[in-house]
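All figures in this text were calculated on a predicted structure; none of them were measured in a lab.
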Amino acid sequence: MNDSLLNPRDVIAGNFQAALQGFGGSGCDTSPTAPEPAVAGEGGCLFFNPFSSNFAAPPGDALHNSPELRDFIIGDYFGNGESTLTALEANLTGFLSGYRAGFAAGVQYRD
């Protein structure tokens with residue numbers, strides 16, 4: 001048996017898509033029970049600009065990707081995995097006519 005615990009940081013696909021459409025950020029409430037409907041790019045809703053970085057656009061610029069937005073898009077993935085391998089192998093050989101050879105048999109089981 002093999003146990004593993006994975007914790008890579010990666011893009012959260014749903015959050016990334018929401019941010020591309022202007023609904024990124026932890027302050028953007030897109031739930032159906034929100035007091036007011038979310039509007040793309042307004043209030044706490046942020047756009048993610050995939051063609052810019054913090055170096056290309058200063059804070060306050062519409063093209064700026066805030067650190068908050070990065071934290072919204074990139075998150076932890078926790079994976080707890082377990083695997084098992086069972087193998088059963090059998091070999092059987094015989095006499096090869098024309099040669100001076102006998103036969104052999106073998107069985108192997110691994111768990």
Side-chain angles (χ1 to χ4, degrees):
M1 181 182 330
N2 183 20
D3 291 324
S4 64
L5 177 63
L6 305 171
N7 182 17
R9 295 198 40 89
D10 202 353
V11 172
I12 302 168
N15 289 2
F16 180 67
Q17 289 296 323
L20 287 173
Q21 297 171 7
F23 297 104
S26 58
C28 185
D29 188 1
T30 58
S31 69
T33 58
E36 293 184 24
V39 177
E42 294 184 14
C45 298
L46 304 170
F47 273 101
F48 175 71
N49 179 8
F51 305 108
S52 184
S53 70
N54 290 338
F55 301 108
D61 189 309
L63 299 176
H64 176 72
N65 292 324
S66 71
E68 174 196 352
L69 192 55
R70 184 185 187 294
D71 292 340
F72 178 75
I73 293 171
I74 307 292
D76 287 321
Y77 164 78
F78 291 101
N80 189 4
E82 179 182 302
S83 63
T84 59
L85 176 66
T86 303
L88 175 62
E89 180 180 354
N91 293 308
L92 179 64
T93 60
F95 182 77
L96 300 172
S97 62
Y99 297 96
R100 293 181 177 230
F103 83 75
V107 174
Q108 171 180 258
Y109 174 75
R110 292 183 186 198
D111 189 22

Quiz item: Can you tell if the side chain of S26 reaches within under 4.5 Å of the side chain of D71, non-hydrogen atoms only?
Solution: no

Self-check item: I73 and I12, any side-chain heavy atoms less than 4.5 Å apart
Solution: no

Quiz prompt | Crowding at CZ, F95 (>12 non-hydrogen neighbours, <6.0 Å) | solution = yes

Identify the heavy atoms of [X] and [Y] that sit nearest to each other, and give their distance.
{"X": "L46", "Y": "G25", "value": "CD1-CA, 4.4 Å"}
{"X": "S4", "Y": "N80", "value": "O-OD1, 3.2 Å"}
{"X": "A19", "Y": "L69", "value": "CB-CD1, 4.0 Å"}
{"X": "G22", "Y": "C45", "value": "O-CB, 3.2 Å"}

Quiz item: How many angstroms lie between atom CG of N15 and atom CG of L20, to the nearest 0.5 angstrom?
Solution: 11.0 Å

Practice problem: Please round to the nearest 0.5 Å and tell me the distance separating atom CZ of F47 and atom CD of Q21. | Solution: 9.0 Å

Quiz item: Which residue pairs pass the side-chain hydrogen bond (donor to acceptor under 3.5 Å, both in side chains) test with at least one member in residues 101-111, sequence neighbours excluded?
Solution: T86-D111, E89-Q108, Q108-R110

Quiz item: Would a hydrophobic clustering, with Ile, Leu, Val, Met, Phe, Trp and Tyr connected at side-chain separations under 4.5 Å, put V39 with F23?
Solution: no

Quiz item: Do the side chain of N65 and the main chain of N49 share a donor and acceptor less than 3.5 angstrom apart?
Solution: yes

